[in-house]
Amino acid sequence: MADDMQPLLTPVVEDKSTYLEQTSKPELNSRRPFYVPPRSLHGNIDPKEQVTEEASAMNSRVQYYSKLTTTHKTLVLPDHVIPAEEKIYVYSPLGSALQFENSIDGFGKNPSIVTIFSIWNTMMGTSILSLPWALKEAGFTLGIILLILMSVLMLYCCYRVLKSRQTVDHVDTSNWEFPDVCKYYFGSFGQWSSLLFSLISLFGAMIVYWVLMSNFLFNTGRFIYNYVHNVTETDHVLSTNGSIKVICPNPPGVHHKNSTDMPFIISNDTGVHEFQEWWNKTNTVPLYLIFLLLPLLNFKSASFFARFNNLGTISVFYLIILVTLKAGRQGFHLEFHWFESASNFVAEFRLSFPHMTGVLALAFFIHNCVITLLRNNQHQENNVRDLSIAYLLVGLTYLYVAVMTFAAFPSPELSKDCIEPNFLDNLPSSDILAFVSRVFLLFQMTTVYPLLCYLLRVQLLSQLFGNVYPSFAHVFILNVVVVCCGVLVAKFYPNIGAIIRYSGATCGLAFVFVYPSLIHMISLHRRGQLSWPSAIFHSFLLVLGVANLIAQFLI
């Protein structure tokens, strides 16, 4: 580093095999953070002298070589410019640096199996609870067809997002995310619109989480209270007879003033009635969540909650076990009526099918972070294959849960129209298996909710103030607004099926259908490679995304 007389350019290698051997070593020629001496780390010296002249010179060198590399592949960084692994630090333009961990190629990278299940775990969310309801809304046969087609369509659009960085020529896009590509093609409109739709997806997910957490906390508290006080309850709702009980909280064609009220409890104890008054799903429990979650949302870092990410996998596996056990005990109840409902069985093809496409748009939505998830894949050449396998696993998981729950729902004793947007609501609070599932999901969502709020804060406040934590007051006000929205929705409109499909169709319009298709067509047009079949197909995707959003409000 001290020797400034070294040649600026690597000599042209005459032997092609030698050149290929050199360029095949990513640890020598890949872009890396430049060297900052340990004494230059923030906190170790006077803040006025946080970056040395050597570090500044190194920065200029690396930038110079990077510009040359974009014009000619032989003008790569000389090996002597790259410091030793243990001396690599990440430099910040603000004047501080941190040691760069896992910088050695091959370390800190994930094998394909880890990448696949990471995508699977990230994509699996609250939508899985609404898929049996969505299948009922579309009809059993049409719902299965839509699930398969939407999974393929969402995979293709995700593939277009993954390849979008490669459409940008003569610019280093190795650290770009999809909003950066949108900004490149559409300017500030692309930047802010992609931010808006990303915030909508996060905000919609947080609203769904608040409604579900209120539901799970309410049923969990009711189960514990009845068990401790040895209280027997009878529901004022339709239900099946026998030991395997399934309820219908909202019978079709019957208007309920408040379907979330406590069931009738056989007891003359005034304490029981006071419990009903103070433990109400819509009036009180959503407010209780404020005292639990609001203090957690003001942390500067959400790294503590990220440690519980694996709980999502446990919850999904438990749901699969729950669905399997219930289906094994109840058996299958299916009658095929193709276009008209009959005898408490819904038609196979229903005009309300857009409800399912809206839910699936969120269920398969991972487009805003797929580049990040695949960046750490050990074998980048397998990204498309691993992404396809992950989508296949997610599709099979969704298909299994939706089909098994729908088929096992006891009809004609109860109508298939009784299937709730949260299929756990069809199980009484006294069901032990459902109680365990609700506890798992409640704890998991309690740890994920601060992560969602942190992501919302990072995207919004960094754009408005240039700082993800401008002050405690700014963060606190934002958190209060988000929490109040969750409380209001949980009280007046606790229909997670509608919330999921609205947010799914809205965020899917930009990240799934519009931007990936437009970017692909523009890039092909600039290269003179846009064909009529490609233009027609991708234009159809644009129309499909708009139609999917409009249909959510019309049907």
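- R350 contributes a side-chain N or O that, together with a main-chain N or O of K136, makes up a donor-acceptor pair within less than 3.5 Å.
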Verdict with reasoning, I519 to F178, per side-chain contact (heavy atoms from CB on, under 4.5 Å): CA-CA 11 Å; I519 289 174; F178 189 61; 3.9 Å; yes
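- Heavy-atom neighbours of L351 CG from other residues, nucleotides or ligands within 6.0 Å: at or below the threshold of 12.
- Of the possible donor and acceptor atoms, one in the side chain of T357 sits under 3.5 Å from a partner among the backbone N and O of P354.
- L362 CG to C507 SG: the interatomic distance, rounded to the nearest 0.5 Å, is 5.5 Å.
- Using modelled atom types, one side-chain atom of T506 and one backbone atom of Y502 make a donor-acceptor pair closer than 3.5 Å.
- The number of heavy atoms from other shown groups lying within 6.0 Å of CZ (F440) does not exceed 12.
- Without hydrogens or angle criteria, S118 side chain to V114 main chain gives no donor-acceptor distance under 3.5 Å.
- Atom CD1 in I200 sits 11.5 Å away from atom CG in L456 (nearest 0.5 Å).
- Side-chain contact, T173 with Y184: no donor N or O sits under 3.5 Å from an acceptor N or O.
- S198 places no side-chain N or O within donor-acceptor distance of the main-chain N or O of S194, the cut-off being under 3.5 Å.
- Proximity of a side-chain donor or acceptor of Y185 to a complementary backbone N or O of S523 within less than 3.5 Å is not detected.
- Between the side chain of T405 and the backbone N or O of A402, no donor-acceptor pair lies under 3.5 Å.
- H520 is linked by a ring-ring contact (aromatic ring centres under 6.0 Å, His included) to H538, counting only residues two or more places apart in sequence or in another chain.
- The side chain to side chain donor-acceptor pair (under 3.5 Å) test with D386 singles out one residue from N377, T115, N110, and that residue is N377.
- Counting non-hydrogen atoms of neighbouring residues, nucleotides and ligands closer than 6.0 angstrom, the CZ atom of F537 exceeds 12 such neighbours.
- Contact annotation: the side chain of L293 approaches that of M213 to within less than 4.5 Å [non-hydrogen atoms, C-beta and beyond].
- Considering all non-hydrogen atoms of both residues, I371 and W176 come closest at CG2-O, 3.8 Å.
- For the atom pair S112 OG and L387 CG, the distance stands at 12.0 Å (nearest 0.5 Å).
- Using modelled atom types, no side-chain atom of N376 and backbone atom of T372 make a donor-acceptor pair closer than 3.5 Å.
- Residues in residues 521-537 take part in these salt bridge (charged side-chain N to carboxylate O under 4.0 Å, His left out) pairs, two or more places apart or across chains: D169-R527.
- Once rounded to the nearest 0.5 Å, the distance linking CD1 of I207 with CG of L212 reads 11.5 Å.
- Between F423 and F406, the gap from one ring centroid to the other reaches at least 6.0 Å.
- Applying the salt bridge (charged side-chain N to carboxylate O under 4.0 Å, His left out) test to pairs two or more places apart or on separate chains, none has a residue in residues 543-555.
- Between the S130 side chain and the P421 main chain, a donor and an acceptor come within less than 3.5 Å of each other.
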Please assess R160 against Y515 for the test side-chain contact (heavy atoms from CB on, under 4.5 Å), listing each intermediate value before the final yes or no. CA-CA 9 Å; R160 292 265 64 97; Y515 283 154; over 6 Å; no
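- M154 contributes atom CE, which lies 12.0 Å from atom CZ of F511 (distance to the nearest 0.5 angstrom).
- Put simply, the side chain of R501 never gets that close to the backbone of A134: no donor and acceptor are under 3.5 Å apart.
- The aromatic rings of Y156 and Y159 lie tilted to each other, with the angle between the two planes from 30° to 60°.
- Rounded to the nearest 0.5 angstrom, C182 SG and L195 CG are separated by 11.0 Å.
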For Y400 and I320: C-alpha separation, side-chain torsions, deciding distance, then whether side-chain contact (heavy atoms from CB on, under 4.5 Å) applies. CA-CA 8 Å; Y400 181 83; I320 294 174; 3.8 Å; yes
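- Scanning all heavy atoms of the two residues, the minimum distance from A490 to P494 falls at O-CB, 3.5 Å.
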